[in-house]
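Taking it in order: structure first as structure tokens, then the write-up.
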Amino acid sequence: MKKMFMAILLLCSIGLFQYCSSSKKAQKSLTVVSYEKDVAPIMQTSCAPCHFPPDGKKEALNTYDAVKTHYDDLIARVKLPHDNKDFMPFKSKKPPLSDTAINLLEQWKIQGMPQ
């Protein structure tokens, strides 16, 4: 009887710890990334003024529609090796995007690019 009770207690404890771990992962995936709150500040910091009219003469990245339209090119270019001529942001203008910023942009796409 005592062994049976200990086995049940052990199984319940294992189940509880697994639930806690899953709960933390679920909370992270529930964080909604939005253009206004998360993506626009990255664009402003890393892409202005070159991609922000009227001063910028490059492809505009100053609006939700522009970033959404050019997302695939944008993410490809920020992930290139830093010595590649197509790497963005241009090395003499701004520092490279952090892994955190790139992950945030990728998460935004996965979530359907909410505004």
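Model, not experiment: these values are computed from the prediction.
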Apply side-chain contact (heavy atoms from CB on, under 4.5 Å) to the pair Y71 and M113, showing each step before the final yes or no.
CA-CA 10 Å; Y71 174 84; M113 299 179 163; 3.4 Å; yes
Trace of the side-chain hydrogen bond (donor to acceptor under 3.5 Å, both in side chains) decision for H70 with E59
CA-CA 9 Å; H70 299 290; E59 190 70 53; 3.2 Å; yes
Please evaluate residues Q111 and V32 with respect to the criterion side-chain contact (heavy atoms from CB on, under 4.5 Å), reporting the C-alpha separation (whole Å), side-chain torsions for both, the decisive distance (0.1 Å), and the verdict. CA-CA 7 Å; Q111 293 179 0; V32 176; 3.9 Å; yes
*Test log, rule side-chain contact (heavy atoms from CB on, under 4.5 Å), inputs T31 and Q107*: CA-CA 10 Å; T31 303; Q107 193 64 33; over 6 Å; no
task = Given side-chain contact (heavy atoms from CB on, under 4.5 Å), test N62 with H51 step by step and report yes or no.
result = CA-CA 7 Å; N62 63 324; H51 291 277; over 6 Å; no
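Residues passing the side-chain hydrogen bond (donor to acceptor under 3.5 Å, both in side chains) test with K94, sequence neighbours excluded: none.
Going from atom NZ of K57 over to atom CG of D55 covers 6.5 Å, rounded to the nearest 0.5 Å. Here the CG-CD distance, from D99 to E106, works out to 9.5 Å after rounding to the nearest 0.5 Å. We find the CG-CZ distance between L97 and F87 to be 7.5 Å, quoted to the nearest 0.5 Å. We find the CD1-CG distance between I42 and L105 to be 4.5 Å, quoted to the nearest 0.5 Å. Note that OG1 of T63 and OH of Y35 are 5.5 Å apart. Values are rounded to the nearest 0.5 Å. Rounded to the nearest 0.5 angstrom, N103 CG and S98 OG are separated by 8.0 Å.
In this structure, M43 and V67 have side chains that are in contact, with non-hydrogen atoms separated by less than 4.5 Å.
When hydrophobic clusters are built by joining Ile, Leu, Val, Met, Phe, Trp and Tyr residues whose side-chain heavy atoms come closer than 4.5 Å, directly or via intermediates, L104 is not grouped with M88. Under the 4.5 Å side-chain heavy-atom criterion for Ile, Leu, Val, Met, Phe, Trp and Tyr, V39 and I102 are members of the same hydrophobic cluster.
Aromatic ring pairs are classed by plane angle as parallel below 30°, tilted from 30° to 60° and perpendicular above 60°; the pair Y64 and W108 is perpendicular.
Put simply, the side chain of R77 gets close to the backbone of D86: a donor and an acceptor are under 3.5 Å apart. With Q44 contributing its side chain and F52 its backbone, the two residues share no donor-acceptor pair below 3.5 Å. Remark: the backbone N or O of S34 is paired with a side-chain donor or acceptor of D38 at under 3.5 angstrom.
In terms of heavy-atom proximity, T69 sits nearest to D65 at OG1-O, 2.7 Å. Taking each heavy atom of P95 and P89 in turn, the nearest pair found is O-CG, 3.3 Å.
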